[in-house]
Amino acid sequence: MIDLRSDTLTLPNQEMLETILRAQLGDDGRVDSEGRGEDLTVNELEDLSAELTGLEMGLLLSSGTLANTTAILTYCKPGDKVLVDEIQHIYKSEKVVFDPVFGQLKPVFYKLNEKGNPDFEDLNRLLEEEDVSLLCIENTHNFSGGAITDLDNLKNIYELAKKHDVPVHMDGARLFNAATGLNVDASEICQYVDSVMFCLSKGLGAPLGSVLCGSKDFILKAKNTRKLLGGNMRQAGIMAAPGIYALKHNIDKLKQDHENAKYLADELKDLKKVSVQKDVDSNIVMIDMQDSNTTPEQFCQMAKDRGLLIRPVLSNQVRLVFYNAITREDTIKTVDIIKDIYKLL
Ligand SMILES: *Cc1c(COP(=O)(O)O)cnc(C)c1O
């Protein structure tokens, strides 16, 4: 089976797993006057994350959802309005901060443009009209086919938000894919946000963990939010050690995933009955089934019968995600399988 359902399917290699055995461990939930825990491996990961993002401090959490939730609930109180787009992961998949019983925040939706980036004019209008407490952006943007918001756009958005005194949180689950696609350091992206969350557990290949980065003041507050949410951990160095390994060894490898995604999209660009995403920015390719007489579910079943696992997303689309276990050979086979199914549509 070629499994393109998600880049969360990455598995740790032997070398990565061995870092766990050597990790120096302590009680991360027991903090000193500086707000640092006692697990030296967690501290090392948080420091490395701060360095890579160019932000002051990092905070390890067990999942991306918990990292986003912790960040947002640190900025906001129940009833506050938050700018998001309608297919943003925070709103569409996670939901918790907008849940009427839990987070109790109010979403204010801004439009995405054709490229899947925040529509600047719409943001401008909403920031004038609405009293919002936070602006959330997603980079790369998952449900927009891994679309990247570039540095110029990020700068404009950040300056606009600052004009209105609104902080910017970036869901950068795939921050390093964005950096890879733009061929810049992650810190160049993060200079235009107040906080960022990135996942160690996606393309970077660690088994679990996400890091939230921001100013020292913000992260110390977020630490308190994390505790309230039950997110404090003890010898979390066993999670941090593979994360450090991932940041040191796997960022450079993301490029191959992008190349495979682009290769596939290019090979399938002439198909008519389904439309394969034209501009592939990162490791995700969407196939839109709207104009075919097949549902995404049927298409995925036909793929499964031929040895390819893919997933329906949103209403009319199928998502293909590339990651380190997917070789060029797998990519070529995937192209063949999709062409084979296409003949039957
Ligand atoms: C996966 C993902 C998350 C959440 O990460 P989990 O670790 O699965 O909770 C957040 N945002 C985006 C865009 C993601 O793709």
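Just one of Glu129, Glu121, Glu128 meets the salt bridge (charged side-chain N to carboxylate O under 4.0 Å, His left out) condition when paired with Arg125; it is Glu129. Test Val318, Val313, Leu320 against Met286 for side-chain contact (heavy atoms from CB on, under 4.5 Å) and you get one pass: Val313.
Salt-bridge formation is detected for the pair Arg306/Asp340: a Lys NZ or Arg NE/NH1/NH2 atom is positioned less than 4.0 Å from an Asp or Glu carboxylate oxygen. With respect to Lys339 and Asp336, no salt bridge is recorded, no charged nitrogen being found less than 4.0 Å from a carboxylate O.
With a 4.5 Å cut-off on side-chain heavy atoms, Lys106 and Phe98 do not count as touching. A heavy-atom distance below 4.5 Å is found between the side chains of Gln88 and Tyr110. Between Thr65 and Ile90 there is no side-chain heavy-atom pair separated by less than 4.5 Å. Contact of the Leu135 side chain with the Pro167 side chain is not registered, since no non-hydrogen atoms from C-beta on lie closer than 4.5 Å.
Between the side chain of Ser144 and the backbone N or O of Ala147 there is no donor-acceptor pair closer than 3.5 Å. For Asn250 (side chain) and Lys253 (main-chain N/O), no donor-acceptor pair under 3.5 Å exists by modelled atom type. In this structure, Ser6 contributes its side chain and Leu9 its backbone to no donor-acceptor pair below 3.5 Å. With hydrogens and angles disregarded, a donor-acceptor distance shorter than 3.5 Å links the side chain of Gln277 to the backbone of Gly145. Between the side chain of Lys223 and the backbone N or O of Gly35, at least one donor-acceptor pair lies under 3.5 Å. Judged purely by atom type and a 3.5 angstrom limit, Gln317 has no side-chain atom pairing as donor or acceptor with the backbone of Leu314.
With hydrogens and angles left out, the side-chain atoms of Ser195 and His169 include a donor and acceptor closer than 3.5 Å. A donor atom on one side chain and an acceptor atom on the other are not found under 3.5 Å apart for Ser282 and Asn177. Under the 3.5 Å distance criterion, with hydrogens and angles disregarded, a donor-acceptor pair is assigned to the side chains of Thr225 and Thr74. For the residue pair Asn260 and Gln256, no side-chain donor N or O sits within less than 3.5 Å of a side-chain acceptor on the partner. The closest side-chain donor-acceptor pair between Asn68 and Glu94 falls under 3.5 angstrom. Using modelled atom types and a 3.5 Å distance limit, the side chains of Asn117 and Thr149 yield a donor-acceptor pair. Defined by atom type and a distance below 3.5 Å, a donor-acceptor pair is missing between the side-chain atoms of His141 and Asp171. A donor-acceptor contact closer than 3.5 angstrom is absent between the side chains of Glu86 and Tyr91. With hydrogens and angles left out, the side-chain atoms of Glu18 and Gln14 include a donor and acceptor closer than 3.5 Å.
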* To do: Would you check, one step at a time, whether the test side-chain hydrogen bond (donor to acceptor under 3.5 Å, both in side chains) holds for Asp7 with Asn283?
  => CA-CA 9 Å; Asp7 47 8; Asn283 66 327; 2.9 Å; yes

* Residue pair His89, Glu138: steps toward the side-chain contact (heavy atoms from CB on, under 4.5 Å) verdict -> CA-CA 8 Å; His89 198 276; Glu138 187 175 311; 3.3 Å; yes

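Arg174 forms no cation-pi arrangement with Phe198, by the criterion of a distance under 6.0 Å to the ring centre and an angle within 45° of the ring axis. Judged by a 6.0 Å distance limit and a 45° cone about the ring axis, Lys273 is positioned over the six-membered ring of Tyr342.
Residue Lys162 places its NZ atom among more than 12 non-hydrogen atoms of other residues, nucleotides or ligands, all under 6.0 Å distant. Enclosure of atom CZ in Phe109 by more than 12 non-hydrogen atoms of other residues, nucleotides or ligands within 6.0 angstrom is indicated. Residue-environment remark: CG (Asp131) stays at or below the threshold of 12 foreign heavy atoms within 6.0 Å. Atom NZ of Lys227 sits in a sparse spot, with 12 or fewer heavy atoms from other residues, nucleotides or ligands closer than 6.0 Å. Atom CD of Glu188 sits in a crowded spot, with more than 12 heavy atoms from other residues, nucleotides or ligands closer than 6.0 Å.
The two residues Arg311 and Arg5 have their closest heavy-atom pair at NE-O, 4.1 Å.
If you take CG on Asn142 and CD1 on Ile87, they are separated by 8.5 Å, rounding to the nearest 0.5 Å.
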